[in-house]
Every structure is written in C-alpha cells, then in structure tokens.
Amino acid sequence: MLRLTDQLEESHTEALDESFIRVPTGAAKVLRCEVADNLSCLMVSGSEELLSRVIHVRVQSGARLHFPLAVAVPFRVRHRGSYRDVAVKIVDEERRVSYITPLTTEGVYRGQKGSFAEVKVYSLGLFAVVFCLKRENYTILKRGLSLKLPMEPRICLNYLPGSFAAPVMAQSMIQPVDAGLQAAVKSRNEAYQAVVSASPLLYLTHPTSQPLKRPLTVTLPCPPNPDKKRDKRGQNKQDRQCIPVVASLLSSERVRILDGTVKSQETANESLIVLGSRDEQWSVLHHVSARSQQNGLVSFDLVEIFDRLLVVRLLSPLQPCQLASLAEELEASTRMHAVTVLLQRRRDDPHTILVAVLPSKDLSWELSRLHAQGFGDPMGSSAEISMCEADQLLLRFTGNIAFAQKTRRKADQLTFHSQRRNHLLVHVTEVDPFGNYSSPHYKGTALFYRVSRDQLEWGDDKTVLKDAKLLGDPVCKLCLTLPKKVRSISRPVAARVKLCEETDSLPDDLLLWLSGELSREDIVLLISTLRLSRSAVQLVKLRAGDGPSAQAFHVLSMWRRALPAVLNQPKASQLAQCLAKSGRPDLAGELLLRQAELAEIRKLKK
C-alpha cells in the first residue's frame, strides 16, 4: 500500500490529508503521487462541488503497471443533501473525464478512520471526490415505463407503450429550487413579482437518434401561493368561530365540495407555464398545457424531448423573453453562493496575512474558529459578493505593501469551493521602508479580481487565464496596514526640520555655509550619493520651495537626522566622501577644515 501524505504548513487548514493506493509489491517505486490543488478549478463542472484535494498519480516513463489499482481519497462533506451523491472524478492524461461510484465511503487506513472514497481504476491521472447531483439511469422498453424518481418521489415520468422504436437508456437529475433562492431572484427584477413559485429543475438525457413517438407525461411539484394558503387558514378559523352549532351537522361530503369551490376560486387567477431548454437555450412551450393536481403537483405532456424542464406558477402574464430570463437566472442562482472576503493577521506575526473566502451564512462561526487558532480581529471584510463553485480570486496589492519574497508563486490566487475551507496565507512586506512618513503604519490596498472557470484553460500542470483583458474591475478592495519597525536608521517623520544640537559634529552653521556653495546640479548629484529615498526628495521640494540654498539645507539636514545617534561618529568625513563622489572635492576639503576649526574652538571653551 502506497500512502500519499501532504502536510500543509499552515496550521489553520484541514488536518493531515492522506490518500492511499493499493498496488502490487514493487510497484510503489514507479508511481509518483503529487497534490495538484492548483487544478481544482478545472476538476468540477456544472453543479458539481469539490469535496477533497486533487491528487495527481502517474507512472514513471517506460515503467509497466498491472491494473486495476485501488485508490482511496479522503473527503469531507460539510452540507449534505438528498439530491446529491459522492463520486470520484478522474481526468486521465488525455483529459478524458470519467466518474466512478466509490465502493465504500468509510474506512480505516493505517489507523486513520474517516471518510474515504475507494475506487478501482484502470487508468491514472487526476483524482478528486466531487458532490454531484444524483443520476437515475433507467431503460425504457417498448412496453413503456412509469417511473417515480427516488430522489423526489413526487416527480414522475410516464412513458407510454411504443414511446421509442427500440429500448433506450435514459438519465434524469433533479436540481431543487428553494423558496429563498426564488425570493432572491424576484428581488433583483420587479417583473418577477408575478411569480408565485417554481418547480425543481428536471434534467433529462435521451439518445438523440431515437425520437419520441408517443407523448411523455411529466409530473412536477409546483406549490400554490403560500400567502393565500395562510390567509385561507386564518379566514377559516374566523368563520368557524362564527358558524352556529347547527352547522356542525353538515355532512363531510358537503364540506369537501365547499372546500373545493373555495380552492378553485383562489387559484383561478394563477396560470402555469412550462419552459424547456434545448442546446442551452430556454424557451416557453406554448403548445404544452399544464394541469394542476392535488398537493401542488402539476402534470403535462411532451411530444418532443428537452434537456431541462421547469414549471412556473404566475399571478399575471409575463413576456416569453422575461420567462426565459427567469429560467436562466433560477438555474444560475442554484450555483451561486453569497461569500465574504476577509483579511486577518496572526497575533505573533503581523506580516502574515490570512485571506479567507467564507460563506456569509457561516461567517460568525468561522470567525470564532479562526480567533481560537491565533488570528486577531479582522483587518477588513468585504460586502457580500456572489461566487460560483471553482471561481477564482486573483489577489493584487497596491500602495506601500507587496508580496514578500518567501511567498510562494501561486499564493496570489484562491479558488472558491463551497464544501472546502478557502484560506490562503500570504506573507507581505513594505515596498518603501521610509514611505508613509506621516503615519505610524505602512498602508496598502488588496485588490481582488474574480475569474470564472470559463475564463481558465488547461496549462501543463497549472491553470492559465485565457485573456488577461477579461479581468475587468476588482470585485472588492480591502485596505490593510503593517506596523512600522523600530529602526536604527530612519527617515524623519516630523513636520519640520529641527535644528541640530551644538554637540553634533555637523552643526547647522556648517550646513548653512555648505548649502550656499552648492548649485542645483550639485544638489542633484549629491542626493544620489546620499541615497535619499524618493519620498524624502519630494518632501524637500514641498518644504523648501525652489531656492537652491534652502533645498540643499533640507537635504543635508534630512541626511544628518537619518544617521545613527552614536556619539563621536565622524559625520563630517562621511559627508566629505559624498561631496567628493558628486564631483566637488574642493568643498569636501574645505568642509573638513572648517569642521576641525569648530572642534578646536569647542575644546578651548571647555
């Protein structure tokens, strides 16, 4: 048994992930296993959700391997559902995709108990555990078929005898559309206020070579207006209080008739519309009549096959184009997640920043967990943004903060997976250590650009952006700061140049004399030899104006203040060397002579 172990250096991430491959004796030497999480955005498609890490298993060139191999990949499901199931997705070296239902999803490997998806494979490549919609495969014989889908027994498909000329294989999937999702879609468009409810999305796959010869009856749940139902209950309660005692003698049959009359009056204004999709294009099926049944069920007959079906209950008519847009938005919204981008820093290392993309509904719980793991209060958080499974966020810094050298190359991108922890540790540093002179912190901005998986394509061993121009504007901007270090050499932060004490080896009188001897050209050359930062030069221009003598004095004063506060340091000799390098050796000699004379005068005074 070969074990793939990948210990993440970040302590906040998932626990140790170990994948196991059962191979014959000696075969472990020719297998190479790697973690390929940078390809996770291309390992899911449609409505799939990633549950595990992505591992790449390959055999050395020229080596032979006996199949099948047993591969066990650990996974974790955070949010389960009756409409989804676990499968292992394999992408081989030729980019062919296959799905395998695991033999088992629980196991113990090397003493580690947990959820493991174990499969037997006959090819190698990329392996990942995905959470996908349950597929119901069935065979339609000549005598027909009446099928209630096990994922949702209320959904029924009734194929009449002779529906197909020969037995065919078909497949169906269900994507639920809950009330909260419908409310979110309705809130974005005023025209959708006429929508009462919508059925689940029904995905059908039939062979294109076999046309449908007899009508297919489909039954879907599409509940009536829940508000009217609540109103009706309230009215019935009031009516029952006012009904005389004699009314209790009414027969149960009469009560059922009266109840049916009231229900038909309430639903008289509602209409049922059936929409179908073929070749990724939604349209209203005008010639299909939907029939309302008991318990909110709706049935209709199809004379041709569609890839996707949806029933919408309306209070008032909508244009066909609006209905098609509604179906597109409902389908897209089933894959969208409201997330919040968060920046946090370690308490013990302010230069290590945690970038987290958290589901908004789990924000408070995740914050508590991160706080317990040593992270402080959030530095910044974004408003809610919508992201699909496998969308990427590209991170860029502006201002006086950038990536540190030890940050890994791929640390500028973060892929969102709704069932995984989407965290990224980034090491940052300041661009200019003498910048932000008027602030106690270094300041910068983190820019986040969203990249959908449709904008990415396969590279050699990584994802590649198809076109950098598709980035557009950042989806959010978060400000961040870094504390300034206590430096032995620092640039001035004060609002004005302070006069030097008389005990300094370079008093102000000497600097004033030297400033009067320097021209504009001399000042430019001297600045380069003194190695002043760009921000310091800009500050000199703001404070000193256009006068060359004033500019020279401010330059020399700033350079003098930046030197270490060490007694008896030969500052004059350092300045003389800079003057000689800038092309004024005459002033360098004169400076040393004047400084020596001042030193003798100080000694005589003492």
Side-chain angles (χ1 to χ4, degrees), residues 399-400 402 429-440 442-443 484-606:
N400 200 22
T429 185
E430 67 277 3
V431 177
D432 183 3
F434 305 110
N436 304 116
Y437 57 88
S438 60
S439 173
Y442 298 118
K443 297 179 180 180
K484 289 186 176 180
K485 299 179 181 178
V486 178
R487 298 177 180 272
S488 59
I489 301 178
S490 59
R491 297 304 185 200
V493 184
R496 61 181 182 273
V497 178
K498 295 182 180 180
L499 296 178
C500 184
E501 300 295 334
E502 290 184 356
T503 57
D504 200 322
S505 60
L506 277 177
D508 292 328
D509 294 340
L510 197 57
L511 295 184
L512 286 173
W513 162 79
L514 183 58
S515 301
E517 300 295 325
L518 294 173
S519 64
R520 292 184 183 273
E521 293 76 11
D522 295 333
I523 297 173
V524 174
L525 295 174
L526 184 61
I527 288 175
S528 62
T529 57
L530 293 176
R531 297 183 180 180
L532 293 179
S533 64
R534 184 183 301 176
S535 59
V537 175
Q538 292 176 351
L539 185 61
V540 167
K541 294 180 180 179
L542 291 174
R543 293 177 176 176
D546 295 329
S549 299
Q551 288 183 358
F553 180 74
H554 278 75
V555 166
L556 296 172
S557 299
M558 296 181 74
W559 172 81
R560 181 184 61 188
R561 290 174 59 108
L563 294 177
V566 179
L567 295 177
N568 300 325
Q569 185 182 23
K571 299 179 182 179
S573 60
Q574 294 184 33
L575 182 55
Q577 291 177 3
C578 293
L579 287 171
K581 290 180 181 179
S582 64
R584 293 301 303 269
D586 54 333
L587 289 180
E590 183 69 17
L591 174 66
L592 293 176
L593 291 176
R594 287 176 176 264
Q595 192 272 340
E597 292 176 359
L598 291 175
E600 291 293 332
I601 294 174
R602 291 195 188 100
K603 289 181 180 180
L604 293 175
K605 288 183 178 180
K606 290 181 180 180

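- Distance CZ/Arg584 to CD/Glu521: 10.5 Å, rounded to 0.5 Å.
- Contact record, Leu530 with Cys578: CD2-SG, 3.6 Å, taken as the closest heavy-atom pair.
- A pairwise comparison of heavy atoms in Arg560 and Pro507 identifies NH1-C, 3.8 Å as the closest pair.
- The minimum heavy-atom distance linking Ala552 with Ser515 is given by the pair C-OG, 3.6 Å.
- Distance check, rounded to the nearest 0.5 Å: OG1 of Thr529 to CD of Gln574 gives 12.0 Å.
- For the residue pair Ala402 and Val431, the shortest heavy atom distance occurs at CB-CG2, 3.8 Å.
- Rounded to the nearest 0.5 angstrom, Gln577 CD and Leu592 CG are separated by 9.0 Å.
- When Val555, Ile523, Val524, Leu525 are each tested for a side chain to side chain contact (heavy atoms under 4.5 Å, CB included) with Leu518, only one passes: Ile523.
- The side-chain contact (heavy atoms from CB on, under 4.5 Å) check on Thr429 picks up Ala404, with sequence neighbours excluded.
- Side-chain atoms of Lys484 come within 3.5 Å of backbone N or O of Ser439 as a donor-acceptor pair.
- In terms of heavy-atom proximity, Ala576 sits nearest to Ala588 at O-CB, 3.3 Å.
- The line from CG of Leu556 to CG of Leu579 is 7.5 Å long, rounded to the nearest 0.5 Å.
- Counting only distance, with no hydrogens or angles, the side chain of Tyr442 and the backbone of Pro433 share a donor-acceptor pair below 3.5 Å.
- Rounding to the nearest 0.5 Å places CD of Glu590 at 9.5 Å from CG of Leu510.
- Of the inter-residue distances, the one linking Leu526 atom CG with Leu587 atom CG reads 10.0 Å to the nearest 0.5 angstrom.
- A distance-only check finds no donor-acceptor pair linking the side chain of Asn400 to the backbone of Glu430 [under 3.5 Å].
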